[in-house]
Amino acid sequence: MARITLENVRKEYGDVVAVRGIDLEVSDGSFVVVVGPSGCGKSTTLRLVAGLESVTDGDVRKDGESLVGVEPKDRDVAMVFQNYALYPHMTARRNMTFGAGSATAFDDEEIERRVTDAAELLDIEDLLDRKPEALSGGERQRVALGRAIIRDPDVFLMDEPLSNLDAKLRIRMRAELAKLHEELRTTTVYVTHDQTEAMTLGDEVVVMNDGRVQQVDSPQRLYDYPANRFVAEFIGDPAMNTLDVTVEAGADGARAVHPGFRLPLPDGDGLDAAAGSGAVLGVRPEDLSLADADSGADAFEATVTVTEPLGDSLLLECRVGGDRLKTQASPRSDVGAGDTVALTPDPERLHLFDPDSGEAVYHSAGATTAPDRDGRATRSPATTPEER
Ligand SMILES: Nc1ncnc2c1ncn2[C@@H]1O[C@H](COP(=O)(O)OP(=O)(O)OP(=O)(O)O)[C@@H](O)[C@H]1O
Ligand SMILES: [Mg+2]
């Protein structure tokens with residue numbers, strides 16, 4: 001077990017800055033997922049913890065001790081890769097044990113015992129004498145996990161370990177990884193570009209973009225209180241709608257004014273500061289409901305341009321005041337392209353972002369810096385960008 005700390009970690013490859021000063025705390029026994037688009041620096045961050053790359057600046061610590069200069073083999077971390085990295089000429093058992101003797105203090109007998117335990121945990125007992133070519137993708141990935149598990153490392157580092165699997169197997173392995181972590185409680189840093197995987201697996205999710213940490217939070221809080229526009233649009237599928245509006249303060253409260261609507265904004269932190277200026281209104285498709293045409297003043301009209309049946313819902317793409325907007329209707333709604341519909345946003349689910357910085361300035365569900373699970377203000381490192 002171990003706690004990992006990244007302190008202002010920066011990594012350059014020549015002219016390319018892959019990681020631009022990251023602070024991160026991975027507490028002992030936690031499962032932290034790092035998510036972000038391709039090229040944002042996820043693998044680099046993981047490789048810096050593993051010691052496969054060295055930091056250009058900053059520090060990586062394990063239980064407070066700096067790992068800078070410590071060889072990968074002496075860090076007591078085990079890495080699991082996307083492409084399994086199994087030796088094709090060795091059996092599953094040999095793949096799991098190969099190198100374990102020199103990497104750990106275990107004797108042969110102990111290693112054998114650990115293979116038996118890991119094989120049972122991973123349900124691969126009957127496959128141990130097969131070579132990788134005779135295993136399915138999911139089975140290979142289990143062997144790769146088994147290799148990490150028998151070493152009983154302080155930390156698991158996993159780089160998109162499920163991305164080579166088909167959708168169904170990925171979902172099953174995802175659940176098994178969660179179960180595995182329940183059982184072993186080994187500190188784990190897990191990298192993925194798949195936001196669904198991040199949301200379902202992580203105790204805590206780190207959203208990265210362009211070499212920087214954008215927000216660190218629980219999955220639900222990322223969804224409900226995105227720190228900025230990037231997080232708001234990256235987390236959630238279909239993505240949050242964002243529309244340019246002007247915030248107007250009036251006798252009856254503030255409104256988001258758009259060519260297609262004048263939406264009342266419930267009182268909340270940040271609203272006064274936003275009044276009188278331009279802002280970006282964010283509202284998720286599932287927070288816009290189809291209303292009866294005469295259902296009240298807060299509904300606004302939109303023209304349906306495209307309908308997309310998703311099975312469990314009907315996704316509608318609409319035009320409103322020259323902008324595009326997505327909304328989710330019930331799956332068998334009788335709505336088609338060209339129809340005019342009335343939309344009512346959930347007043348508790350509105351967000352405003354600064355049009356220049358992209359920072360969240362208001363969430364109608366509560367204060368902008370809503371307290372997190374420990375009662376601290378939400379961390380939003382992107383509010384203090386220092387281009388060093
Ligand atoms: N060895 C290298 N030499 C030069 N540039 C590199 C090297 N490794 C990574 N980079 C660059 O650093 C940036 C971050 O790469 P990284 O592999 O960490 O991204 P990632 O978030 O893991 O992306 P993906 O989701 O595609 O795996 C990219 O711009 C990449 O091109
Ligand atoms: Mg990567």
Side-chain angles (χ1 to χ4, degrees), residues 4-24 26 31-60 67-68 71-72 75 77-86 137 140-141 144-145 148 155-167 170 173-174 177 188-202 204-217 219 222 226-237 239 381-382 385-388:
I4 295 288
T5 314
L6 273 66
E7 235 175 60
N8 205 5
V9 166
R10 184 176 175 89
K11 178 64 184 176
E12 297 169 5
Y13 297 101
D15 290 343
V16 180
V17 187
V19 174
R20 298 172 189 270
I22 284 188
D23 291 311
L24 188 64
V26 180
F31 197 121
V32 168
V33 178
V34 180
V35 68
S38 184
C40 74
K42 305 180 296 292
S43 295
T44 304
T45 302
L46 212 59
R47 294 170 63 82
L48 289 168
V49 177
L52 301 173
E53 304 283 354
S54 53
V55 297
T56 306
D57 199 6
D59 202 1
V60 178
L67 290 175
V68 172
E71 290 291 313
R75 294 190 178 201
V77 300
M79 191 131 170
V80 181
F81 298 95
Q82 168 182 357
N83 55 7
Y84 329 125
L86 297 180
R140 282 179 211 172
Q141 196 50 279
L145 280 170
V155 182
F156 286 136
L157 302 173
M158 304 193 182
D159 195 351
E160 313 231 11
L162 308 185
S163 60
N164 276 356
L165 307 179
D166 66 48
R170 203 157 60 223
M173 285 295 291
R174 201 197 283 165
L177 275 178
T188 304
V189 186
Y190 184 103
V191 160
T192 179
H193 64 267
D194 178 345
Q195 54 106 8
T196 312
E197 205 166 284
M199 298 291 272
T200 51
L201 266 177
E204 200 159 50
V205 177
V206 179
V207 182
M208 278 185 77
N209 187 36
D210 194 22
R212 287 200 181 84
V213 172
Q214 303 292 314
Q215 188 170 0
V216 184
D217 240 318
L222 282 178
N228 57 43
R229 199 172 159 175
F230 176 81
V231 175
E233 290 178 303
F234 188 77
I235 300 289
D237 184 26
E386 7 62 274
E387 182 61 76
R388 294 179 310 129

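Just follow the structure's listing: the first ligand is 1, and inside any ligand the first atom is 1.
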Can you check whether [Y]'s main-chain N or O pairs, donor with acceptor, with [X]'s side chain at less than 3.5 Å?
X    : Y    : value
R10  : V19  : no
Q141 : P161 : yes
R75  : V49  : yes

How far apart are the C-alpha atoms of R47 and K11, what are their side-chain angles, what is the distance that settles it, and do they pass the side-chain contact (heavy atoms from CB on, under 4.5 Å) test?
CA-CA 11 Å; R47 294 170 63 82; K11 178 64 184 176; over 6 Å; no
Protein contact of [atom] - nearest heavy atom, named by residue and atom, plus distance:
atom                    : answer
atom 22 (O) of ligand 1 : S43 OG, 2.8 Å
atom 2 (C) of ligand 1  : Y13 CD2, 3.4 Å
atom 25 (O) of ligand 1 : K42 NZ, 2.8 Å
atom 26 (O) of ligand 1 : S38 OG, 2.5 Å
atom 15 (O) of ligand 1 : T44 OG1, 3.7 Å
atom 23 (O) of ligand 1 : G39 N, 2.7 Å

Report yes if some N/O of [X] lies less than 3.5 Å from some N/O of ligand 1; otherwise report no.
X    : result
V16  : no
A18  : no
H193 : no
G41  : yes

Atoms of ligand 1 close to E160 [distance to a heavy atom under 4.0 angstrom, numbered from 1]:
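Counting from 1, the qualifying ligand atoms are 25 (O).
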I'd like to know whether V207 forms a side-chain contact (heavy atoms from CB on, under 4.5 Å) with I235, so could you lay out the CA-CA distance, the side-chain angles of the two residues, the decisive distance to 0.1 Å, and finally the verdict.
CA-CA 9 Å; V207 182; I235 300 289; 4.2 Å; yes
Pairing donors with acceptors under 3.5 angstrom, does anything connect the side chains of Y190 and E197?
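Yes, a side-chain donor-acceptor pair sits under 3.5 Å.
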Among side-chain atoms of Q214 and N228, is any donor-acceptor pair under 3.5 angstrom?
yes
ring-ring contact (aromatic ring centres under 6.0 Å, His included) partners for F156, two or more places apart:
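With neighbours one apart ignored, the set is empty.
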Looking at the Mg ion (ligand 2), is one of the N, O or S atoms of S43 less than 2.8 Å from it?
yes
Salt-bridge test for R229 and E233: reply yes if a basic N is under 4.0 Å from a carboxylate O, no otherwise.
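A salt bridge is present here (some side-chain N lies under 4.0 Å from a carboxylate O).
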Can you find a protein heavy atom under 4.0 Å from atom 9 (C) of ligand 1?
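Answer yes: something from the protein, a heavy atom, is under 4.0 Å.
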